[in-house]
Amino acid sequence: MLDKYEGFSRTHGAGHLNEKNIGETVSLCGWVHRRRDHGDLTFLDIRDRYGLCQVVVDPKISKTAFDKADPIRKEFVVGISGKVVERANNAINPNLSTGRIEILAEEIKIFNEAKTTPFFIEENITADENLRMKYRYLDLRTQHMTRNMIMRHKLIKCVRDYLSDNDFLEIDTPILCKSTPEGARDYLVPSRVQKGKFFALPQSPQLFKQLLMVAGMDRYFQIAKCFRDEDLRLDRQPEFTQIDIEMSFVRQDDVMQMVEKLTGYIFDKTAGIKFDTPFLRLSYDEAMDSYGSDKPDLRFGVKITDLTENFRNSEFAVFKNAVAEGSLVKGLKMEGCANYSRSEIDGLVEMGKSFGLKGIVTVQYKPDGIKTQFSKAMSEEAVKKALEPLEAKDGDLLLIAVDKKDVILNAFGRIRCEIGKKLTLIDPKKFSILWVTDFPMFEYDDEDKRFVAKHHPFTSPFLADLKYFETGELDRVRASAYDLVLNGCEIAGGSIRIHDRGVQEKVFAALGFSKEAANDKFGFLMEAFEYGAPPHGGIAFGLDRLLMLITDSPSIRDVIPFPKTASASCLMTGAPNLVDEKQLKELAIKQITPEIIAQ
RNA sequence: GGAGCGGUGGUGGAAGAGUUAACACGUCGGCCUGUCAAGCCGAAGAUUGCGGGUGCGAAACCCGUCCGCUCCGCCA
């Protein structure tokens, strides 16, 4: 028979009690974390969001309470009243914040019983993801997950506090939006009222926030839910949260300075991490040339070194010929790895192949000379001369390869990260933040045979580069876009936006939109630009990824209360699910067979 | 769309194709007044994800399928 909560009232959180409460009579409510039954004396650990506290159930204090405790098992929901007492010296538990005190139970209420849980609610959960996701509410009971949820709250509160204090307005924007081309696949919602038509869930509030600037809101932010129907990854969920920010009458530096202050505030308040300002800035070209990535991890060195000119006229025909055809020669140095075995070196070459390289030439700097495939065509002197920029010393291993610019930079960028991991060059306590700027505006899409926007089509090109629209050299147009990168992870991205109809039309034209198509999809935006649109720009943080870094979580699922699995389903509720024929009929939707889909 | 890894009592996790599918934790019962991963004694609990196949014999090998995880493609 369960007890009613009527007549009982909680006075403290279990984890909040300490020596100051000694002598007080308190009431706790919570879950029974563990029960230790010594026969004529029982210990109950009561757990709530605030922590854990030991309750002593002694028949000499209360026989009624003692009998009541008999059937209590793990995860029962109970209420305990009793006096807080100091523990004997030899009974102190230094692992608990409440370890110097305990409660002598005078009254026990059982508000609910609990079946044996499908997995243990303890710190290092080893249970299968399947189970954790199906019983997410149990998973969230662990201290670890509770802490992550508290961090999530703290982070959001920091953002609200800081931005509110700096004249930003929190304004919400629609979830039922218009499907527009470009970008990720949309989640669609059928309209019942207008049969055959669909809403799309927002991939981001991009256009709304720009229109809020046109509306004169001046400074806006939102903790915004965003939806992208693409495949999932360790750090990617179909439904995620952005800290979305937009400001009027700003240049790129104004946004960046504001973001540096906000970021500093967030990291200091949530994790006690302080950054030096201004943050390091690298241009996109610098980042790509030195690190092979537009989000380089600068917690360790290992720069990519260019050797193209040194091999332009070399004896090594493979490199010489490739360079003549426009390929680049790049090198990476692995300090102290000259003694790698044949199989370790083969492993590196294989890695290169998996990243798209045809091969890698290795050079081992040993005390008795160098060992390398270059020797077939070049003297040791010539090899050393060609590789001088890498400044190798005895004991080092060099990786050299040739390929088209994008291929080799991408491959070496990834190998660089593998080297960082393999040689444990990364200090796990270090936080390395930087801006990457001056992105190219467009990128050629081989599949669609057209240029696409690297950031998004509302990003302002450098005004100085507008001339390339006329000459058709779209790959030379730079964008006023900036990414904030922390430990090799893009945590925020933003840009100065176009606020001029003419420029916006040029960009759409460059992307291959007809005037009609541009008007049909984005006419409302361009029309708004004709009614006094202020210069504006902004940024959006990936809140979940930010939390992953702050909490040092191995997966984005660990910082989202109810995440989706890799196949985008919710194992707890069973979403997505089939719906009634009747519901479909109301929406004028007819299901088609897999055979038709395959066509 | 493609690739890799995994799925064994409630949980974790063993098991060269060969008797009764280890072990630990949990659960249940008993003993026990200072534990905090309590301890001690005992018991129950599994058609090895699902469906085929090979074979005298399959948890194991093969094929298919479902689910989870990771990666590539994809993610302005």
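These figures come from a predicted structure and were not determined experimentally. Per chain, numbering begins at 1; letters A, B, ... match sequence-line order.
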Exercise for review: Could you check if a side-chain atom of A:Gln206 sits within less than 4.5 angstrom of a side-chain atom of A:Gln242, using non-hydrogen atoms only?
Suggested key: no
**Study point:** Residues which pass side-chain hydrogen bond (donor to acceptor under 3.5 Å, both in side chains) with A:Arg35, listed by chain and number, not counting sequence neighbours
**Key:** A:Asp37
Check your understanding: Ignoring hydrogens and angles, are the base of B:rG73 and the side chain of A:Glu230 linked by a donor-acceptor pair under 3.5 Å?
Key -> no
**Study point:** Contact list for residues 198-211 of chain A, test salt bridge (Lys or Arg N to Asp or Glu O under 4.0 Å), sequence neighbours left out
**Key:** A:Lys209-A:Asp244, A:Lys209-A:Glu246
Review point. Side-chain contact, heavy-atom cut-off 4.5 Å: A:Phe513 with A:Pro181?
Key: yes
Review point. What residues form a salt bridge (Lys or Arg N to Asp or Glu O under 4.0 Å) with A:Lys295, not counting sequence neighbours?
Key: none
Check your understanding: For B:rC75, does OP1 or OP2 lie under 4.0 Å from any side-chain N or O of A:Arg185?
Key -> no
**Study point:** A:Phe43 ring over B:rU35 six-membered base ring, under 5.5 Å and 30°
**Key:** yes
Point to revise | ring-ring contact (aromatic ring centres under 6.0 Å, His included) involving A:His12 - partner list, sequence neighbours excluded | key: none
Exercise for review: Give a yes or no on whether the backbone of A:Ala127 and the side-chain of A:Arg132 come within a donor-acceptor separation of less than 3.5 Å.
Suggested key: no
Review point. With a 3.5 Å cut-off and just heavy-atom distances, do the side chain of A:Arg228 and the base of B:rC75 make a donor-acceptor pair?
Key: no
What's touching nucleotides 23-31 of chain B from the protein side, N or O pairs under 3.5 Å?
residue: B:rC28; atom: OP1; partner: A:Arg73; partner atom: NE; Å: 3.2
residue: B:rC28; atom: OP2; partner: A:Arg73; partner atom: NE; Å: 3.4

**Study point:** Under 3.5 Å donor-acceptor, A:Asp45 side chain and A:His33 backbone
**Key:** no
Practice item. Would you say whether A:His38 stacks on B:rA38? The test is a distance between ring centres of less than 5.5 Å and an angle between planes of less than 30°. Key: yes
Practice item. Determine, using ring centers only, whether A:Phe469 and A:Phe442 are less than 6.0 Å apart. Key: yes
Practice item. Taking only the side-chain nitrogens and oxygens of A:Arg36, find out if one of them lies under 4.0 Å from OP1 or OP2 of B:rA38. Key: yes
Exercise for review: Provide the Watson-Crick or G-U wobble partner of B:rC40, both distances under 3.5 Å; none if there is no partner.
Suggested key: B:rG30
Exercise for review: Once you apply the 3.5 Å cut-off to both distances, tell me the Watson-Crick or G-U wobble partner of B:rC61, or none.
Suggested key: B:rG53
Practice item. Determine the Euclidean distance between corresponding P atoms of B:rG9 and B:rA59; express it in Å to zero decimal places. Key: 14 Å
Between the protein and nucleotides 65-69 of chain B, which nitrogen or oxygen pairs are less than 3.5 angstrom apart?
residue: B:rC67; atom: O2'; partner: A:Asn130; partner atom: OD1; Å: 2.9
residue: B:rC67; atom: O2'; partner: A:Asn130; partner atom: ND2; Å: 3.4
residue: B:rG68; atom: OP1; partner: A:Thr565; partner atom: OG1; Å: 2.8
residue: B:rG68; atom: OP1; partner: A:Ser567; partner atom: OG; Å: 3.2
residue: B:rG68; atom: OP1; partner: A:Ser569; partner atom: OG; Å: 3.3
residue: B:rG68; atom: OP2; partner: A:Ser567; partner atom: OG; Å: 2.7
residue: B:rG68; atom: O4'; partner: A:Asn130; partner atom: ND2; Å: 3.3
residue: B:rC69; atom: OP1; partner: A:Ala566; partner atom: N; Å: 3.4
residue: B:rC69; atom: OP2; partner: A:Ala566; partner atom: N; Å: 2.6
residue: B:rC69; atom: O3'; partner: A:Arg557; partner atom: NH2; Å: 3.2

